[in-house]
Colleague: 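There's a structure below that I have some questions on.
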Amino acid sequence: MDGKGPQTLCDLCLAQELADQLLQKMVTKGMLNDTTVGIFRNSEKLRLRSASIRYCKVSAMAFRLALCPHRLLELDASWVPGGLTGADVISGLASNPDCRASLQMLALNGLSLNLESPEEDSGVFIGFSSLQGLKTIHLVNTDLTDDVLEDICTLPRLETLDISCSSVTELNALLKCKNTLRSLIAHRLYRLDTTPVRLLFIFTQLHALRHLDISYNHFANDDSERRTNGDETVRQLLEAGPQILPSLVSLDISGRKTIDDSALRGFVESRSGLVFLGLLATGLSSSPVLSSHENLKVTGEANEKQLWEALRRYRERECFVKEALIHLYHLTTDTDKPQPDMLKLVVEDMRSHPESPHVHLLATACVFNLTTRDLAEVMPVRLMSATVTQLLHAMETFPNIQQVQSNCLMALCNDYLLQNVPFDRYSAAMLVIKWLSNHEEPTLQRIAVAIISILVAKQLLTVVQHKAMLGLVDPTLKFALSALWNLTDETPTAARNFIECQGLELYMEVLESYYSETAIQQKVLGLLNNIAEVEELQPDLMDEDLLEHILSLLQDSQMLVEVRYFAGGILAQLASREEAWTLDQELRSTILEQLHKSIMTWPHLEQEMVSYRSFRPFCSLLQTYQPSGVQLWAVWAIHLVCRQNASYYIHMLTKEGLMELLKALDTHPDTHSDVKRVSQSILRMVQEQQSPCEVTNSQTEPGKS
């Protein structure tokens with residue numbers, strides 16, 4: 001026996017399900033096109049039943065060859081770019097006798113139907129009525145005409161019809177399907193030219209109708225008379241009583257702002273079987289009558305439950321998505337309650353409107369509210385991964401909309417998200433770096449730098465660890481150390497992340513194993529300086545072995561000043577706060593003594609060794625109560641950079657208020673003479689910079705008498 005038996009019904013069902021899933025995955029991943037859709041041409045091996053090619057660029061020919069041979073039950077060809085028309089779809093499907101009978105659902109939203117009226121094509125009747133099995137048709141945002149609607153309504157099994165935002169002018173054709181039509185969705189029929197009396201008459205004849213949507217886009221600048229007629233139709237319907245549309249259990253009038261509460265109350269109280277009401281942007285969603293119907297689902301803005309329902313139901317209606325997001329933002333501004341279901345809807349609505357700046361502006365603000373503080377940590381990881389991906393998409397899609405960029409950066413600046421949630425970190429880092437190179441807003445720059453530092457810290461530390469294990473000194477190691485140093489500069493978030501990634505332990509090993517490598521030592525100590533400048537992180541540096549090693553570097557007269565300087569900076573910052581010192585007091589006393597002694601031996605440097613964005617970390621070191629070693633390190637550092645770039649740093653001294661601190665040191669009776677000497681030299685440089693014509697030839701160098 002060859003091991004092969006006859007194909008069972010179960011095998012066929014499995015093949016059909018896998019084919020549908022394969023097609024859906026290709027669509028989701030953006031892989032479906034004229035070439036790749038060709039794998040479905042063999043309808044015997046890959047049998048499709050439910051096919052969606054939404055937003056995929058598939059030509060009429062590729063569609064006919066790959067999809068039309070299948071005995072389809074459902075087809076969604078909405079928003080297909082590239083010229084595929086409704087006529088192409090219908091003629092292709094009608095060319096397959098199996099499909100003419102099997103197809104039950106067809107969605108052509110956003111396509112040009114190109115059907116002025118049903119016609120013959122090579123002997124085949126081209127029109128919706130050629131697909132006799134159809135039960136559900138979606139034609140949102142199409143050029144649907146009255147003639148084509150007439151043809152649609154002759155379908156014998158038609159139950160659901162969505163003609164929202166289409167160009168029909170009258171609805172008389174609906175009378176042809178009055179005994180089968182169960183759901184009519186007619187949102188914003190902007191060309192409808194029918195009186196309220198006539199519309200109400202048509203509705204009264206739809207005996208099987210259970211769901212009616214006659215909502216309106218309240219943002220649109222449509223003809224006011226048509227809007228008024230629609231509002232009047234709604235009012236008459238609400239007041240008509242249950243004898244009109246007796247089977248109705250679901251009504252959507254969202255966007256109809258002129259309806260009063262009394263009409264709504266009478267409608268709700270007279271229909272005990274009501275299960276849904278669409279009241280978003282009507283001003284009626286807080287009506288007291290709703291509170292007595294707990295099982296009634298409502299879209300509105302009165303509470304988060306109504307907004308959740310709105311975001312779920314109106315995913316493809318930009319006007320209502322915007323309205324719901326506006327109210328959701330205000331409701332969640334100070335929330336401390338995790339709402340994963342709400343966040344999921346916000347992300348899905350962003351996906352549904354990939355090119356809408358208005359939706360993304362509001363949605364990204366809501367994402368921030370829903371994930372800020374510790375809320376992200378209790379959300380499902382897969383949801384947070386999708387959220388981060390969508391935020392990055394928004395940044396990439398709307399580079400020139402400042403508020404979208406700001407919202408995304410603030411939402412992304414979350415330690416938990418950046419460290420624990422899976423997403424494309426390389427692409428994210430490149431995107432934020434690109435943003436950083438094109439924008440100069442200081443607050444957002446700091447946020448962007450923090451994000452980048454967290455994104456790349458782990459990778460850079462991995463590089464350092466790998467090189468250190470091999471004992472290598474090469475450009476890659478130096479670059480990684482420099483990058484980490486720069487990323488933590490005046491960025492407490494990045495410095496904290498460095499510690500959380502076990503960076504301190506690694507750097508202690510590097511300090512010891514690369515003792516003779518000046519360039520490596522300088523970069524390592526420079527980063528530890530950045531950490532030491534952050535008060536809340538100083539306890540992490542309170543390690544006796546670490547500080548004794550750094551002290552040995554400070555004391556080593558054979559070590560270059562470039563290394564001793566940064567060693568001194570770390571020790572000065574930590575020893576400056578006696579109340580926070582947790583180690584042996586004798587060690588602190590030794591550090592303070594050796595700081596002063598060592599600095600007095602340092603030679604004058606001509607080459608640039610260090611640069612500062614701000615002197616703020618020096619302010620606490622320049623206080624008159626500080627030990628002389630701490631003060632001396634600070635004034636020596638300021639003197640160094642002012643000599644090398646006087647105009648830049650002297651302006652910074654004045655702007656940041658350090659002149660007053662230096663003057664106080666100069667005049668205080670307890671200030672050590674060595675500190676006074678350097679302080680006076682800095683003050684003279686400032687005076688000379690401000691009055692160039694008064695420059696004198698005598699200058700006192702720090703550490704020299």
Colleague: Do other residues, nucleotides or ligands put more than 12 heavy atoms under 6.0 Å from E355 CD?
Modeller: no

Colleague: Short question: side chain of D143, backbone of S112 - any donor-acceptor pair under 3.5 Å?
Modeller: no

Colleague: Once rounded to the nearest 0.5 Å, what's the spacing between atom CD1 of I244 and atom CD of Q236?
Modeller: 10.5 Å

Colleague: Evaluate whether atom CZ of F276 has more than 12 neighbouring non-hydrogen atoms of other residues, nucleotides or ligands under 6.0 angstrom away.
Modeller: yes

Colleague: State, to 0.1 Å, how close S164 and I185 come at their nearest heavy-atom pair, and which atoms those are.
Modeller: OG-CG2, 3.4 Å

Colleague: Is there a side chain to side chain donor-acceptor pair (under 3.5 Å) between D231 and T228 once you walk through the steps?
Modeller: CA-CA 5 Å; D231 289 354; T228 302; 5.8 Å; no

Colleague: Hey, is CD on Q402 packed in by over 12 heavy atoms from elsewhere, all under 6.0 Å?
Modeller: yes

Colleague: Assess whether salt bridge (charged side-chain N to carboxylate O under 4.0 Å, His left out) is satisfied between R312 and E309, documenting all intermediate values.
Modeller: CA-CA 5 Å; R312 184 182 72 85; E309 193 68 31; 2.5 Å; yes

Colleague: Tell me, with the steps shown, if E74 and K135 meet salt bridge (charged side-chain N to carboxylate O under 4.0 Å, His left out).
Modeller: CA-CA 10 Å; E74 300 178 340; K135 293 182 178 181; over 6 Å; no

Colleague: If the threshold is 4.0 Å, N to carboxylate O, is there a salt bridge linking R188 and D213?
Modeller: no

Colleague: Between L149 and L161, is any pair of side-chain heavy atoms under 4.5 Å apart?
Modeller: yes

Colleague: Without swapping roles, check the side chain of S270 against the backbone of P242 for a donor-acceptor pair under 3.5 Å.
Modeller: no

Colleague: For K25, look at atom NZ and say whether over 12 heavy atoms of other residues, nucleotides or ligands are found less than 6.0 Å away.
Modeller: no

Colleague: After noting the C-alpha distance and the side-chain angles of D20 and S50, does the key distance pass the side chain to side chain donor-acceptor pair (under 3.5 Å) rule?
Modeller: CA-CA 6 Å; D20 290 348; S50 179; 5.1 Å; no

Colleague: Given side-chain contact (heavy atoms from CB on, under 4.5 Å), test E316 with N109 step by step and report yes or no.
Modeller: CA-CA 10 Å; E316 298 200 3; N109 300 333; 4.2 Å; yes

Colleague: Starting from the C-alpha separation in whole Å, work towards a yes-or-no answer on side chain to side chain donor-acceptor pair (under 3.5 Å) for H393 and T397.
Modeller: CA-CA 6 Å; H393 170 79; T397 306; 3.2 Å; yes

Colleague: Can you check whether L144 reaches I152 side chain to side chain, under 4.5 Å on heavy atoms?
Modeller: yes

Colleague: I'd like to know if the side chain of D76 reaches the main chain of S52, judged simply by a donor and an acceptor atom lying under 3.5 Å from each other, with no hydrogens or angles considered.
Modeller: no

Colleague: Yes or no on side chain to side chain donor-acceptor pair (under 3.5 Å) for R317 and N217, after CA distance, side-chain angles and deciding distance?
Modeller: CA-CA 9 Å; R317 294 185 189 172; N217 180 356; over 6 Å; no

Colleague: For L158, is there any backbone N or O sitting under 3.5 Å from a side-chain donor or acceptor partner on T180?
Modeller: yes

Colleague: Using the rule given for salt bridge (charged side-chain N to carboxylate O under 4.0 Å, His left out), can you reason through R265 versus D261, listing the C-alpha separation, both sets of side-chain angles and the distance that settles it, and then say yes or no?
Modeller: CA-CA 6 Å; R265 184 171 62 253; D261 187 70; 3.2 Å; yes

Colleague: Are L184 and H211 side-chain neighbours, meaning at least one heavy-atom pair lies under 4.5 Å?
Modeller: no

Colleague: What heavy-atom pair brings L238 and A263 nearest, and what distance separates the two atoms?
Modeller: CB-O, 3.8 Å

Colleague: To the nearest 0.5 Å, what is the distance between CZ (R182) and OG1 (T160)?
Modeller: 8.0 Å

Colleague: Please test L284 against L277 for side-chain contact (heavy atoms from CB on, under 4.5 Å), starting from the C-alpha separation and ending with a verdict.
Modeller: CA-CA 10 Å; L284 298 173; L277 266 178; over 6 Å; no

Colleague: Are Q339 and T332 close enough that some pair of their side-chain heavy atoms sits under 4.5 Å apart?
Modeller: yes

Colleague: Can any side-chain N or O of Q405 pair as donor or acceptor with the backbone N or O of F398 at less than 3.5 Å?
Modeller: yes

Colleague: Show the nearest heavy-atom pair for residues I163 and V168, with the distance to one decimal.
Modeller: CD1-CG2, 4.3 Å

Colleague: Heavy atoms, side chains only, cut-off 4.5 Å: are V80 and F63 in contact?
Modeller: no

Colleague: For a side-chain contact (heavy atoms from CB on, under 4.5 Å) check, start with the C-alpha distance between L212 and S250, then their side-chain angles and the critical distance, and finish with the verdict.
Modeller: CA-CA 6 Å; L212 175 61; S250 172; over 6 Å; no

Colleague: Who pairs with T389 by side-chain hydrogen bond (donor to acceptor under 3.5 Å, both in side chains), at least two apart in sequence or on another chain?
Modeller: none

Colleague: Might you point out which heavy atoms bring E301 and L307 nearest each other, and give the distance in Å?
Modeller: CA-CD2, 3.9 Å

Colleague: For a 4.5 angstrom cut-off between non-hydrogen side-chain atoms, does L343 reach L345?
Modeller: no

Colleague: Compare all side-chain heavy atoms of L73 with those of L103 and state whether any distance is below 4.5 angstrom.
Modeller: no

Colleague: So does F201 get a backbone contact from the side chain of T204, meaning a donor-acceptor N/O pair under 3.5 Å?
Modeller: yes

Colleague: Does the Q306 side chain pair with the main chain of S285, one donor and one acceptor, at a distance under 3.5 Å?
Modeller: yes

Colleague: Should we count CZ of R54 as having more than 12 external heavy atoms under 6.0 Å?
Modeller: yes

Colleague: Where does the angle between the aromatic ring planes of F320 and Y314 fall among parallel (under 30°), tilted (30 to 60°) and perpendicular (over 60°)?
Modeller: tilted

Colleague: Please check this pair: side chain of N96 against backbone of L93, looking for a donor-acceptor N/O pair closer than 3.5 Å.
Modeller: no

Colleague: Okay, side chain of R49, backbone of R71: is any donor-acceptor separation there less than 3.5 Å?
Modeller: yes

Colleague: Take atom NZ in K344; do more than 12 heavy atoms of anything else shown fall under 6.0 Å from it?
Modeller: no

Colleague: Give the ring-plane orientation class for F40 versus H70, where under 30° counts as parallel, over 60° as perpendicular and anything between as tilted.
Modeller: perpendicular

Colleague: Decide side-chain contact (heavy atoms from CB on, under 4.5 Å) for N42 and K45; before the verdict, give the C-alpha distance in whole Å, the side-chain angles of both, and the deciding distance to 0.1 Å.
Modeller: CA-CA 6 Å; N42 189 331; K45 290 188 176 180; 3.7 Å; yes

Colleague: Between T282 (side chain only) and L279 (backbone N and O only), is there a donor and an acceptor less than 3.5 Å apart?
Modeller: yes

Colleague: Compare every heavy atom of S352 with every heavy atom of R315, then report the nearest pair and how far apart it is.
Modeller: CG-OG, 3.0 Å

Colleague: Salt bridge or not between R227 and E232? Use side-chain N to carboxylate O under 4.0 Å.
Modeller: no

Colleague: If you define the side chain from C-beta out and look only at heavy atoms, does anything of D147 sit under 4.5 Å from L115?
Modeller: no

Colleague: Taking all heavy atoms of L84 and all of A60, pick out the closest pair and write down the distance.
Modeller: CD1-CA, 3.5 Å

